[in-house]
K.L.:
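Sending over a structure as structure tokens; questions will come in a sec.
Sequence lines set the chain letters: A, B, ... in the order given, protein chains first and strands last, and positions in each chain run from 1. The analysis underlying the following values was restricted to heavy atoms, covering all of them including side chains, and did not include hydrogens, waters or symmetry mates. Everything numeric here is computed off the predicted structure, so don't read it as measured data.
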Amino acid sequence: DVVLTQTPVAQPVTLGDQASISCRSSQSLVHSNGNTYLEWYLQKPGQSPQLLIYKVSNRFSGVPDRFIGSGSGSDFTLKISRVEPEDLGVYYCFQATHDPWTFGGGTKLELK
Amino acid sequence: QVQLQQSGAELTKPGSSVKISCKASGYTFTSYDISWIKQRPGQALEWIGAINPGSGGTGYNEKFKGKATLTVDKSSSTAFMQLSSLTPEDTAVYYCARLGDYFDYWGQGVMVTVSS
């Protein structure tokens, strides 16, 4: 199975700061069709996960432009500029290139 | 608006089975797959499998074959997941999610507790 390793496990931030989360895959996430199925989800406390980014860098409908996904191959990053209170929670990367689909272990974005 | 409404919490005994549901509304049920995702307390997410409501075709994470069985009832726009031979390791919140090119809508989750 593809292992997605997220770092850091916890990211203490001050509101208004930038935050950066890394997601490294045990193998390339480039599909045979040329697409890279790497997504980012945010799970706020007590809520279901919500989609932020799909195919590495595409923001889902309604997601603010302070969320920026980047990367290629097996190395991906989610940057959040100007962290706001509603951004706090656990971020998961997810790959749907290889079967079985897998999630990263999560990164908790929390206040310092 | 798109909604996935899941059934209520379950308390079950080891060795038993449980069937949880996910009722879809606000879109054409047969146009999107439904996936199921497991989250043990304080843990990360695990993809269980997916079902195509139109054809009934399924795909499972090998880890959950024999544990989870996915079905649908098109007449009520409801997806179901049956979990069998339950053990304490099955204690978790189970989410359903609509799957187009990604999981764009999620149910609220069902807490399944396995305890004697």
Side-chain angles (χ1 to χ4, degrees), chain A residues 1-10 21 23 29 31 33-63 67 69 76 78 89-108 110, chain B residues 1-7 9 20 22-24 26-27 32-52 57-68 70 79 92-112:
Chain A
D1 297 2
V2 171
V3 176
L4 298 179
T5 302
Q6 288 185 234
T7 54
V9 172
I21 301 169
C23 175
L29 298 184
H31 194 275
N33 65 12
N35 288 316
T36 300
Y37 296 103
L38 187 284
E39 295 150 26
W40 290 95
Y41 293 85
L42 164 61
Q43 187 173 32
K44 298 180 183 180
Q47 295 187 20
S48 304
Q50 60 188 80
L51 175 66
L52 297 173
I53 301 286
Y54 62 95
K55 288 188 201 171
V56 181
S57 60
N58 296 275
R59 273 186 296 274
F60 183 56
S61 174
V63 175
F67 290 90
F76 304 92
L78 177 69
V90 181
Y91 289 78
Y92 294 97
C93 57
F94 169 79
Q95 69 82 21
T97 296
H98 301 288
D99 184 29
W101 300 345
T102 51
F103 288 89
T107 294
K108 186 174 185 179
E110 57 191 11
Chain B
Q1 71 282 24
V2 174
Q3 287 192 325
L4 298 175
Q5 183 64 38
Q6 297 187 241
S7 47
I20 60 180
C22 171
K23 183 171 175 58
Y27 72 98
Y32 294 83
D33 289 4
I34 294 286
S35 256
W36 292 84
I37 295 105
K38 176 182 181 181
Q39 186 170 39
R40 296 192 66 190
Q43 302 297 310
L45 304 159
E46 287 185 276
W47 177 71
I48 296 170
I51 184 165
N52 180 307
T58 53
Y60 293 92
N61 183 336
E62 195 72 29
K63 177 180 178 180
F64 292 95
K65 284 184 180 176
K67 171 62 65 179
L70 307 184
V93 174
Y94 293 88
Y95 295 99
C96 62
R98 192 178 83 161
L99 175 62
D101 288 333
Y102 32 70
F103 303 132
D104 55 359
Y105 290 93
W106 293 62
Q108 80 277 21
V110 177
M111 181 72 211
V112 174

K.L.:
For chain A, find which of L45(B), V93(B), I37(B) contributes the most heavy-atom pairs closer than 4.5 angstrom.
P.N.:
L45(B)
K.L.:
Is it the side chain or the backbone of L99(B) that comes within 4.5 Å of chain A heavy atoms, both, or neither?
P.N.:
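Only the side chain of L99(B) comes within 4.5 Å of chain A.
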K.L.:
Just by distance, which donor-acceptor pairs between chain B and chain A come in under 3.5 Å?
P.N.:
residue: Q39(B); atom: OE1; partner: Q43(A); partner atom: NE2; Å: 2.9
residue: Q39(B); atom: NE2; partner: Q43(A); partner atom: OE1; Å: 2.8
residue: Q39(B); atom: NE2; partner: Y92(A); partner atom: OH; Å: 3.3
residue: Y95(B); atom: OH; partner: Q43(A); partner atom: NE2; Å: 3.1
residue: F103(B); atom: N; partner: Y41(A); partner atom: OH; Å: 3.1
residue: G107(B); atom: O; partner: S48(A); partner atom: OG; Å: 2.6

